[in-house]
Amino acid sequence: AQSVTQLGSHVSVSEGALVLLRCNYSSSVPPYLFWYVQYPNQGLQLLLKYTSAATLVKGINGFEAEFKKSETSFHLTKPSAHMSDAAEYFCAVSESGTASKLTFGTGTRLQVTL
Amino acid sequence: DTAVSQTPKYLVTQMGNDKSIKCEQNLGHDTMYWYKQDSKKFLKIMFSYNNKELIINETVPNRFSPKSPDKAHLNLHINSLELGDSAVYFCASNKGLGQPQHFGDGTRLSIL
């Protein structure tokens, strides 16, 4: 069965600082991995996806994530935080099979301070 | 040019009532989903349809009944609403296995 663990329900960084949001997954088969962002009272927007092509994945808004099979991790980073990055971030995993349901982590709220 | 649209955006009703939420996607996707997001922001799959066929039915009370009249629409009907049904319900769609899902803006259901 697939599962996702996001360490840190709240992360606070200063504007301009590095953003690191952690995600570890568990999957019995090679997974598909995703990061989504949710702004207040909105739906989920795809930031980036890993589908076995390249281990370093670049997404929108300057975010990127690296797939590390040995560590079963897919951490999200951004070199320099912006105030507009403040939101809830979700890591999700999908397994191969007949249905591609997403299993989400519990989310990390990113706060960006001046 | 909204990709995945849900109606209504807000739904406030009393315990015991029956209500429906509608979802439509104009992306030409074959697979649609319903997710529930609780008050702690946790998201969990409820149902999935592929080309009008039910393919995922997680442990959801049978008061919840999805219906897909065609592959562009997936509606959710809820009977005998309970306090614990208060949540945000998201519709999503994708092309298929491994493809990213596109989400609607959610329907916030509040049970009085």
Side-chain angles (χ1 to χ4, degrees), chain A residues 1-6 8-11 21 23 25 27 29-53 57 59-60 63 65 67 74 87-110, chain B residues 2-10 21 23 25 27 29-51 53-60 66 74 87-110:
Chain A
Q2 57 196 36
S3 66
V4 175
T5 301
Q6 289 185 242
S9 58
H10 288 85
V11 170
L21 304 183
C23 172
Y25 70 91
S27 175
V29 296
Y32 301 105
L33 293 160
F34 306 87
W35 275 99
Y36 284 87
V37 61
Q38 185 179 28
Y39 298 101
N41 297 317
Q42 292 188 26
L44 282 80
Q45 180 182 2
L46 179 71
L47 276 178
L48 48 81
K49 62 178 181 180
Y50 168 76
T51 54
S52 79
V57 181
I60 62 170
F63 284 94
F67 174 71
F74 190 56
E88 192 88 24
Y89 291 80
F90 293 94
C91 182
V93 64
S94 176
E95 286 184 341
S96 58
T98 57
S100 56
K101 70 175 184 179
L102 289 173
T103 298
F104 286 91
T106 49
T108 297
R109 172 157 293 184
L110 177 65
Chain B
T2 304
V4 181
S5 59
Q6 298 179 227
T7 53
K9 191 171 176 65
Y10 298 96
I21 306 172
C23 178
Q25 54 95 4
L27 298 167
H29 291 164
D30 287 333
T31 310
M32 296 185 72
Y33 308 81
W34 278 111
Y35 289 88
K36 179 181 180 180
Q37 186 174 44
D38 64 22
S39 58
K40 296 185 179 179
K41 302 282 189 181
F42 184 63
L43 281 147
K44 188 169 166 53
I45 182 76
M46 298 174 71
F47 302 103
S48 176
Y49 271 73
N50 180 269
N51 204 10
E53 182 185 345
L54 180 66
I55 56 173
I56 294 176
N57 185 350
E58 295 287 299
T59 50
V60 178
L74 179 60
V88 182
Y89 293 84
F90 286 101
C91 178
S93 71
N94 71 349
K95 286 182 188 177
L97 182 61
Q99 297 299 312
Q101 294 182 19
H102 296 252
F103 285 78
D105 286 338
T107 295
R108 184 174 295 274
L109 175 63
S110 300

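Throughout, protein chains are lettered first and strands after them, A, B, ... in sequence-line order, and every chain is numbered starting at 1.
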Distance (rounded to the nearest 0.5 Å) between [X] [atom1] and [Y] [atom2]:
X        : Y       : atom1 : atom2 : answer
A/Gln42  : B/Phe90 : CD    : CZ    : 9.5 Å
A/Phe104 : B/Gln37 : CZ    : CD    : 9.0 Å
A/Ser9   : B/Lys40 : OG    : NZ    : 11.0 Å
A/Lys101 : B/Met46 : NZ    : CE    : 13.5 Å
A/Leu102 : B/Leu43 : CG    : CG    : 9.5 Å

Is [X] in contact with chain B via its backbone, its side chain, both, or neither, using a 4.5 Å heavy-atom distance?
X        : answer
A/Thr106 : both
A/Leu46  : side chain
A/Gln38  : side chain

> With only heavy atoms counted, which part of B/Asn50 is less than 4.5 Å from chain A, the side chain, the backbone, both or neither?
Replying inline: neither

> At a heavy-atom separation under 4.5 Å, does B/Lys44 approach chain A through its side chain, its backbone, both, or neither?
Replying inline: neither

Output side-chain donor-acceptor pairs under 3.5 Å for residues 95-104 of chain B, partner residues at least two apart or in another chain, one line each.
residue  : atom : partner  : partner atom : Å
B/Gln101 : OE1  : B/Tyr35  : OH           : 2.9
B/Gln101 : NE2  : A/Ser100 : O            : 3.0
B/Gln101 : NE2  : B/Tyr35  : OH           : 3.3

> Under the salt bridge (Lys or Arg N to Asp or Glu O under 4.0 Å) test, which residues partner A/Arg109, sequence neighbours left out?
Replying inline: A/Glu88

